[in-house]
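First up is the structure itself, then whatever we jot down about it.
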Amino acid sequence: MLVSARSFAEYRAMFGLTDRDLNCGRRILDCPAGAASFVTEAGLRGIDAVAVDREYAVHREELGRLVERETRFKRERLARETADFARSWYTDADDLIRQWSANAQLFRADIAARPDRYVAAALPELPFTDGSFDLVLSSHLVFSYGNRLGEEFQRAALLELARVARWEVRIFPVVVYDTGERYRGLGRLREELADDGIGSRVEQVAYEFQPGGDEMLVLTCAGYRAPARSPSRAGAVDPVRWRHRESTGEGFGAA
Ligand SMILES: C[S@@+](CC[C@H](N)C(=O)[O-])C[C@H]1O[C@@H](n2cnc3c(N)ncnc32)[C@H](O)[C@@H]1O
């Protein structure tokens, strides 16, 4: 799994965020945030946003630098994989590396300056009380890695994101990274969520990373009352491997 570092402008586009959505009175959760600069840039705009990622338990300030090194290390693979991403946000792999490096640098400064804004936790279990946030944003995990994570994890993760959201959860994209196809179990998951009182819709947005991957799933959470929490739910899966560290013999301690 790649730890990425998208920007506030990308988050605005991929989650279709309006000025009203970003109203300064709203609390926003970004999970998983990786080394994205959304929370950093939101903070500069006076928006009350919090980042969560499993990697913050292992790497904090260091994460931004790791992401910069790792994306450079994987340049050839990224160039190959993104060759047909013609309408994407990035002109080519070098542009992606340049943008992610700039965003990761912003992240690195902010996690050092405002550590309380960056919470180490792993879906499907978040250390927040019910309805802690107005809006929850989740990019490039739940469906992107859907084939590896499995439906049990996805259902638990979506319910957990909905538990901490008072208003909406937005998940982008709904395509699987490996295949570029819409996640096959999406319809079934939406039906199950509806049974739990969580409404959903799929919306097109003005952003795509992979060709055709320009849709987000929106969960409406106002009618959802989460059952009492079970302490036995599974923790993190599919850990990040920092391959540039393995190849150079540099020690690595990723979860
Ligand atoms: C591709 S990155 C996306 C980061 C950011 N949203 C973006 O678009 O730039 C995926 C992130 O998911 C995190 N992750 C993977 N499994 C997780 C879990 N169970 N709970 C929380 N974070 C997780 C990884 O550490 C990684 O930073």
Side-chain angles (χ1 to χ4, degrees), residues 1-15 17 28-42 49-60 62-64 66-68 70-71 74 77-78 81-82 88-90 96-97 99-108 110-111 118-128 136-150 152-161 164 169-173 175-178 205 207-210 213 216 233-242 252-255:
M1 182 181 298
L2 203 61
V3 178
S4 50
R6 292 183 174 81
S7 66
F8 183 87
E10 281 179 279
Y11 269 60
R12 255 199 109 122
M14 73 186 165
F15 292 113
L17 294 170
I28 302 179
L29 174 66
D30 176 13
C31 174
S37 58
F38 172 76
V39 165
T40 309
E41 296 182 73
V50 171
V52 164
D53 199 283
R54 185 184 64 188
E55 279 297 302
Y56 302 160
V58 191
H59 308 288
R60 292 188 64 83
E62 194 202 9
L63 185 63
L66 281 172
V67 169
E68 284 187 61
E70 186 74 359
T71 44
K74 287 186 175 155
R77 198 185 111 187
L78 277 169
E81 290 178 356
T82 58
S88 120
W89 191 267
Y90 316 99
L96 180 151
I97 292 166
Q99 290 195 40
W100 285 12
S101 295
N103 301 334
Q105 281 170 27
L106 291 177
F107 160 86
R108 188 145 52 93
D110 198 43
I111 197 172
Y118 296 86
V119 177
L123 284 168
E125 203 138 353
L126 298 175
F128 307 111
V136 173
L137 308 175
S138 185
S139 101
H140 295 93
L141 176 68
V142 177
F143 297 118
S144 300
Y145 294 97
N147 290 353
R148 301 187 210 171
L149 297 171
E152 198 180 319
F153 170 86
Q154 285 172 314
R155 186 169 184 280
L158 293 175
L159 285 173
E160 184 68 345
L161 293 169
V164 300
V169 179
R170 300 184 190 183
I171 301 116
F172 181 91
V175 293
V176 176
Y177 184 64
D178 297 338
V205 293
Y207 177 92
E208 76 177 8
F209 183 55
Q210 289 172 267
M216 67 170 167
R233 280 183 294 181
V237 287
D238 196 10
V240 172
R241 290 181 66 192
W242 300 102
F252 69 97

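What's counted below: heavy atoms across the whole structure, side chains too, no hydrogens, waters or symmetry copies. Index from 1, following the sequence. Indexing begins at 1, ligand by ligand and atom by atom, following the structure's order.
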Is the shortest N/O to N/O distance between [X] and ligand 1 below 3.5 Å?
X      : answer
Ala122 : no
Leu2   : no
Asp30  : no
Asp53  : yes

field: Positive for side chain to side chain contact (heavy atoms under 4.5 Å, CB included) with Cys31, one of Leu141, Asp53, Leu123
entry: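 Checked Leu141, Asp53, Leu123 against Cys31; only one passes side chain to side chain contact (heavy atoms under 4.5 Å, CB included): Leu123.
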field: Gln210, Glu81, His140 screened by side-chain hydrogen bond (donor to acceptor under 3.5 Å, both in side chains) with Tyr177, the one that passes
entry: Glu81
Indicate, as side chain, backbone, both or neither, the part of [X] found under 4.0 angstrom from ligand 1 when only non-hydrogen atoms are considered.
X      : value
Glu10  : neither
Ala5   : backbone
Leu141 : side chain

Distance-only side-chain donor-acceptor flag, Tyr90 / Glu10, under 3.5 Å: yes
task: Please state whether the rings of Tyr11 and Phe38 are parallel, tilted or perpendicular, taking 30° and 60° as the class boundaries.
output: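 Ring orientation, 0 to 90° scale: parallel.
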- request: Answer yes or no: is there an ion pair linking Arg60 with Glu55, defined by an N-O contact shorter than 4.0 Å?
  value: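 Salt bridge between Arg60 and Glu55, a charged N being under 4.0 Å from a carboxylate O: no.
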field: Beyond-backbone contact of Leu137 with Leu29, side-chain heavy atoms, under 4.5 angstrom
entry: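 They are not in contact (no side-chain heavy atoms under 4.5 Å apart), so the answer is no.
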Any Tyr11 heavy atom less than 4.0 Å from ligand 1: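 Tyr11 counts as a contact of ligand 1 under the 4.0 Å cut-off.
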task: Would you give the length of the straight line joining atom CG of Asn103 to atom OG1 of Thr40, rounded to the nearest 0.5 angstrom?
output: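 Going from CG on Asn103 over to OG1 on Thr40, the span is 9.0 Å.
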message: Among Ser4, Ala57, Ser7, Ser139, which one puts a heavy atom closest to atom 2 (S) of ligand 1?
response: Ser4
query: With atoms numbered from 1 as shown, which atoms in ligand 1 lie under 4.0 angstrom from a non-hydrogen atom of Ala121?
result: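 Those atoms are 21 (C).
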- prompt: Under 4.0 Å from any heavy atom of Ala33, which atoms of ligand 1 are there?
  reply: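 Selected atoms, number and element: 4 (C), 5 (C).
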field: Within the 6.0 Å centroid threshold, strictly below: Phe172 and Tyr207
entry: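 Yes.
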